[in-house]
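The figures that follow rest on heavy atoms only: side chains count, while hydrogens, waters and symmetry mates do not.
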Amino acid sequence: MAGPLIVTAELGKADFAWANGLRSRHFPPERNQVPTHLTLFHALPPSSEGEVRRAIKRACAAPPPGAEIAGLMSLGGGVAFRIRSAELDAVREELASAFHGLLTAQDSGGWAPHITIQNKVEPAAARELMTSLERSFEPRPLSIRGLLLFRYLGGPWEPLGNWQFRGVS
């Protein structure tokens with residue numbers, strides 16, 4: 001059986017490079033199997049791939065959503081950037097409606113958009129990174145270019161598709 005499907009937002013090139021650099025420095029290397037990502041849906045059924053592709057394509061007919069890296073989030077054993085975007089929230093809500101009946105408990109519960117830069121470390125190490133990042137943190141815009149579709153392979157992800165929002169080149 002094929003693995004579940006994952007939908008993420010594609011970050012702008014500069015924002016991706018910056019966040020992925022932080023992830024590479026702070027994520028345990030043996031656990032860092034995927035690059036920086038902003039997950040919209042964690043586990044859609046593999047049998048729904050055609051339906052998921054069509055819904056993503058429809059959602060990307062809109063202009064790119066504005067977004068902001070609004071703060072830091074403690075994950076207990078890690079640190080993430082909290083993302084704020086009413087427009088991306090609306091895109092996710094539209095997709096969630098299209099995926100009605102396909103969502104797991106994790107995906108049908110509340111959504112807290114974030115970009116994880118550290119996870120699966122001792123809480124003391126996570127607190128140390130959080131303190132370090134808080135010293136210089138300032139909210140900043142975040143570029144969202146499109147939506148990406150992956151298949152979960154038990155660790156790594158297989159890329160299945162990339163759709164750009166209208167007007168993104």
Side-chain angles (χ1 to χ4, degrees), residues 3-44 52-53 56 59-60 63-92 95-96 104 106-107 109-123 125-165 168-169:
L5 305 175
I6 301 164
V7 178
T8 71
E10 180 186 12
L11 306 181
K13 291 176 184 173
D15 289 326
F16 173 82
W18 170 77
N20 202 50
L22 286 171
R23 183 180 174 98
S24 295
R25 284 195 296 282
H26 299 293
F27 213 97
E30 68 280 2
R31 294 184 174 270
N32 196 12
Q33 298 188 31
V34 297
T36 292
H37 53 279
L38 171 52
T39 304
L40 278 71
F41 297 96
H42 297 85
L44 296 165
V52 170
R53 286 174 174 275
I56 290 172
C60 286
E68 175 185 50
I69 299 174
L72 292 156
M73 286 175 62
S74 170
L75 303 175
V79 177
F81 289 111
R82 184 172 38 84
I83 307 305
R84 182 174 31 226
S85 172
E87 294 168 355
L88 187 58
D89 291 347
V91 168
R92 188 186 183 281
L95 289 170
T104 62
Q106 181 181 20
D107 284 334
W111 185 50
H114 63 281
I115 298 171
T116 303
I117 58 168
Q118 179 190 60
N119 207 3
K120 313 288 189 201
V121 300
E122 292 296 319
R127 284 191 301 274
E128 183 179 322
L129 178 59
M130 182 82 136
T131 300
S132 172
L133 291 172
E134 283 175 331
R135 285 189 201 112
S136 61
F137 179 81
E138 292 187 24
R140 61 183 270 180
L142 177 68
S143 171
I144 306 288
R145 298 176 46 82
L147 298 176
L148 305 171
L149 178 63
F150 298 92
R151 182 178 321 284
Y152 179 71
L153 300 176
W157 298 356
E158 174 189 6
L160 298 177
N162 177 331
W163 293 262
Q164 303 294 294
F165 284 106
V168 172
S169 55

Inset, instruction - Would you check, one step at a time, whether the test side-chain contact (heavy atoms from CB on, under 4.5 Å) holds for Leu11 with Ile115? - result: CA-CA 10 Å; Leu11 306 181; Ile115 298 171; 3.8 Å; yes
Inset, instruction - Report the C-alpha separation of Val34 and Arg23 in whole Å, then their side-chain angles, then the decisive distance to 0.1 Å, and conclude whether the side-chain contact (heavy atoms from CB on, under 4.5 Å) test is met. - result: CA-CA 10 Å; Val34 297; Arg23 183 180 174 98; 3.8 Å; yes
Inset, instruction - Kindly determine whether Asn162 and Glu10 satisfy side-chain contact (heavy atoms from CB on, under 4.5 Å), including the steps that lead there. - result: CA-CA 8 Å; Asn162 177 331; Glu10 180 186 12; 3.4 Å; yes
Inset, instruction - Could you go through the side-chain contact (heavy atoms from CB on, under 4.5 Å) check for Leu148 and Val7 one step at a time? - result: CA-CA 6 Å; Leu148 305 171; Val7 178; over 6 Å; no
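Under a 3.5 Å cut-off, the side chain of Ser85 and the backbone N or O of Gly66 do form a donor-acceptor pair. Counting only distance, with no hydrogens or angles, the side chain of Arg151 and the backbone of Glu158 share no donor-acceptor pair below 3.5 Å. A side-chain donor-acceptor contact under 3.5 Å links Ser24 to the backbone of Asn20. When atom types are taken as modelled, the side chain of Asp107 and the backbone of Phe41 share no donor-acceptor pair closer than 3.5 angstrom. Remark: side-chain polar atoms of Ser74 are paired, donor with acceptor, to backbone N or O of Gly76 under 3.5 angstrom.
Closest heavy-atom contact between Thr104 and Ala43: CG2-O, 3.3 Å. Across all non-hydrogen atoms, the minimal contact from Ala59 to Leu147 is CB-CD1, 4.3 Å. Annotation for Trp111 and Thr39: closest pair NE1-O, 3.1 Å, computed over non-hydrogen atoms. Annotation for Ala80 and Leu75: closest pair CB-CD1, 4.0 Å, computed over non-hydrogen atoms. Pro159 and Trp157 get closest at one heavy-atom pair: CD-O, 3.5 Å. Annotation for Ile56 and Leu95: closest pair N-CD2, 4.0 Å, computed over non-hydrogen atoms.
At a threshold of 4.5 Å between non-hydrogen side-chain atoms, the residues Leu142 and Ile144 count as touching. The side-chain heavy atoms of Val168 and Cys60, taken from C-beta on, include no pair separated by under 4.5 Å.
Within 6.0 Å of atom CD in Gln164, more than 12 heavy atoms from other residues, nucleotides or ligands are found, so the atom counts as buried in its surroundings. Residue Glu122 places its CD atom among 12 or fewer non-hydrogen atoms of other residues, nucleotides or ligands, all under 6.0 Å distant. Annotation: Arg140, atom CZ; neighbour count of heavy atoms from other residues, nucleotides and ligands within 6.0 Å is above 12.
Taking CH2 from Trp163 and CZ from Arg53, the interatomic distance works out to 4.5 Å, rounded to the nearest 0.5 Å. Separating the CD1 atom in Ile117 from the CE atom in Met130 is a distance of 9.5 Å, to the nearest 0.5 Å. Taking CG of Leu22 as the reference point, atom OG1 of Thr36 lies at 8.0 Å (rounded to 0.5 Å). In this structure, the separation between CZ on Arg84 and CD on Glu68 is 4.5 Å, given to the nearest 0.5 Å. The NE2 atom of His42 sits 10.5 Å away from the OG1 atom of Thr8 when rounded to the nearest 0.5 Å. The line from CZ of Phe150 to NE2 of His37 is 8.5 Å long, rounded to the nearest 0.5 Å.
Counted by atom type alone, Arg31 and Asn119 present zero donor-acceptor pairs between their side chains at under 3.5 Å.
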